[in-house]
Amino acid sequence: MAEDFRTDFVREPSMLKHHPALVLNADYRPLSYYPLSLWSWQDAIKAAYLDRVDIVAEYDETVRSPSTVIRIPSVIVLKDYVKPQKRVAFTRFNLFLRDEFQCQYCGTHGDLTFDHVVPRAAGGITSWENVVAACSPCNLRKGSKSLRQAHMSLRKPPREPGAEQLRNTGRKFPPNHLHESWLDFLYWDAELEA
């Protein structure tokens, strides 16, 4: 008898969970490349209904209400331009993005941590110019020694990145899923190679 009791009162088709909308600024550029600016299909439909976005492309799938059938938006454009930030927040994610998700000592990818180039024990501060992405083995090897004492060198000197630099770096890391309707809007402003 207990097995017949229904506990899932809200039914959401699993296929609809996987239909995000690419969000473009009013100039038709993504708000961010990494992570890619995506909204859920529910947020995209709500924003379109509130007249905050224009729908540029749609999926073939639809959602229904008792009186309406709506195609799920695939690409939406904000009606009001959102000015990109010029100053980049000093976060672990942005630090890893600046260093292209690789150890700045040996170049490996994978499980990263961060390291103070001038150790904190020697007066080093936590800043863009003194912190780099490092793999655990390199971080342990360097410890609280200077680069010279540890016989290590950096692949590139740490600097504070600009917002545009991080956006350009983010383009190198496409998400796991790219819908075909997004491709025309993701890289049209990228510099072409000769």
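Hydrogens, waters and symmetry mates are skipped; everything else that's a heavy atom, side chains included, is used.
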Participant: Answer yes or no: is there a donor N or O on one side and an acceptor on the other, between the side chain of R98 and the main chain of W128, under 3.5 Å?
Facilitator: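 Here the side-chain-to-backbone pair exists.
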Participant: So do the side chains of E160 and V88 get within less than 4.5 Å of each other, counting heavy atoms only?
Facilitator: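 Side chain of E160 against side chain of V88, heavy atoms only: no contact under 4.5 Å found.
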Participant: For the OH atom of Y28 and the CG atom of L78, what is their distance to the nearest 0.5 Å?
Facilitator: 10.5 Å
Participant: Please confirm whether the backbone N or O of N130 pairs with a side-chain atom of H116, one donor and one acceptor, at under 3.5 Å?
Facilitator: no
Participant: Do I70 and W41 touch side chain to side chain, with heavy atoms closer than 4.5 Å?
Facilitator: no
Participant: Between R120 (side chain only) and T126 (backbone N and O only), is there a donor and an acceptor less than 3.5 Å apart?
Facilitator: no
Participant: Would I55 and L38 show up in the same hydrophobic cluster when neighbours are defined by side-chain heavy atoms closer than 4.5 Å?
Facilitator: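 No, I55 does not connect to L38 through the hydrophobic network.
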Participant: Report, as yes or no, whether the 6.0 Å neighbourhood of atom NZ on K86 holds more than 12 heavy atoms from other residues, nucleotides or ligands.
Facilitator: no
Participant: Can you find a heavy atom in the side chain of V77 that is under 4.5 Å from one in the side chain of F185?
Facilitator: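 Not touching, per the 4.5 Å side-chain cut-off.
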Participant: Do any N or O atoms from the side chain of D111 and from the backbone of C135 form a donor-acceptor pair under 3.5 angstrom?
Facilitator: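 Flag not set: sc D111 to bb C135 has no pair under 3.5 Å.
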Participant: Would the number of heavy atoms belonging to other residues, nucleotides or ligands and lying under 6.0 Å from OH of Y49 be above 12?
Facilitator: no
Participant: Any heavy-atom pair between the side chains of P20 and Y59 that's under 4.5 Å?
Facilitator: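 Yes; the side chains approach each other to less than 4.5 Å.
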Participant: Look at the side chain of S37 and the backbone N and O of V23, then say whether any donor-acceptor pair between them is shorter than 3.5 Å.
Facilitator: yes
Participant: How long is the gap from CG on D115 to CZ on R141, to the nearest 0.5 Å?
Facilitator: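 Rounded to the nearest 0.5 Å, the CG-CZ separation comes to 11.5 Å.
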Participant: Please report the closest heavy-atom contact between A21 and P73, naming both atoms and the distance.
Facilitator: CB-O, 3.7 Å
Participant: State yes or no: do L22 and I45 share one hydrophobic cluster built from I, L, V, M, F, W and Y residues joined by side-chain heavy-atom distances below 4.5 Å, directly or via other members?
Facilitator: yes
Participant: Do the side chains of L95 and L112 join up, straight or via other hydrophobic residues, at under 4.5 Å, putting them in one cluster?
Facilitator: yes
Participant: Main chain of D27, side chain of N25: is a donor-acceptor contact present, judged purely on distance under 3.5 Å?
Facilitator: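 Checked: no pair found.
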Participant: Let me check something: do V82 and I76 share a hydrophobic cluster, defined by ILVMFWY side-chain heavy atoms less than 4.5 Å apart, either directly or through other members?
Facilitator: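 Yes, same cluster.
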Participant: Mind listing the closest non-hydrogen atom pair of A122 and V118 along with its distance?
Facilitator: O-CG1, 4.3 Å
Participant: Rounded at 0.5 Å granularity, tell me how far CZ in R159 sits from OG in S127.
Facilitator: 13.0 Å
Participant: Which pair of non-hydrogen atoms, one from N139 and one from F114, has the smallest distance, and what is that distance?
Facilitator: ND2-O, 3.1 Å
Participant: Could you tell me whether R71 atom CZ has more than 12 heavy atoms of other residues or ligands within 6.0 Å of it?
Facilitator: yes
Participant: Let me confirm one number: the NZ-CD distance from K156 to E100, rounded to the nearest 0.5 Å.
Facilitator: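 Going from NZ on K156 over to CD on E100, the span is 5.0 Å.
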Participant: Please answer: with hydrophobic residues joined when any side-chain heavy atoms are less than 4.5 Å apart, are V131 and L154 in the same cluster?
Facilitator: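 No, separate clusters.
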Participant: Give a yes or no on this: more than 12 heavy atoms of other residues, nucleotides or ligands lie within 6.0 Å of atom NZ of K79.
Facilitator: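 Yes - once you tally the heavy atoms of other residues, nucleotides and ligands closer than 6.0 Å, there are more than 12.
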Participant: Which heavy atom of T169 sits nearest to which heavy atom of L97, and what is that distance?
Facilitator: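 Where T169 meets L97 most closely, the heavy atoms are CG2-O, 3.1 Å.
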Participant: Answer yes or no: is there a side-chain heavy-atom contact under 4.5 Å between E58 and H19?
Facilitator: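 No, their side chains stay 4.5 Å or more apart.
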Participant: Would you say the side-chain atoms of D99 pair up with the backbone N or O of V132, donor to acceptor, closer than 3.5 Å?
Facilitator: no
Participant: May I ask you to test the Q104-P158 pair for a side-chain heavy-atom distance under 4.5 Å?
Facilitator: no
Participant: Check whether any side-chain N or O of W182 sits under 3.5 Å from a backbone N or O of S74 as a donor-acceptor pair, and report yes or no.
Facilitator: yes
Participant: Search all heavy atoms of V53 against all heavy atoms of A48 and return the closest pair with its distance.
Facilitator: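 For V53 and A48, the tightest heavy-atom pair comes out as CG2-N, 3.5 Å.
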Participant: Measure across R167 and P84 and return the closest heavy-atom pair with its distance rounded to 0.1 Å.
Facilitator: NH1-CB, 3.7 Å
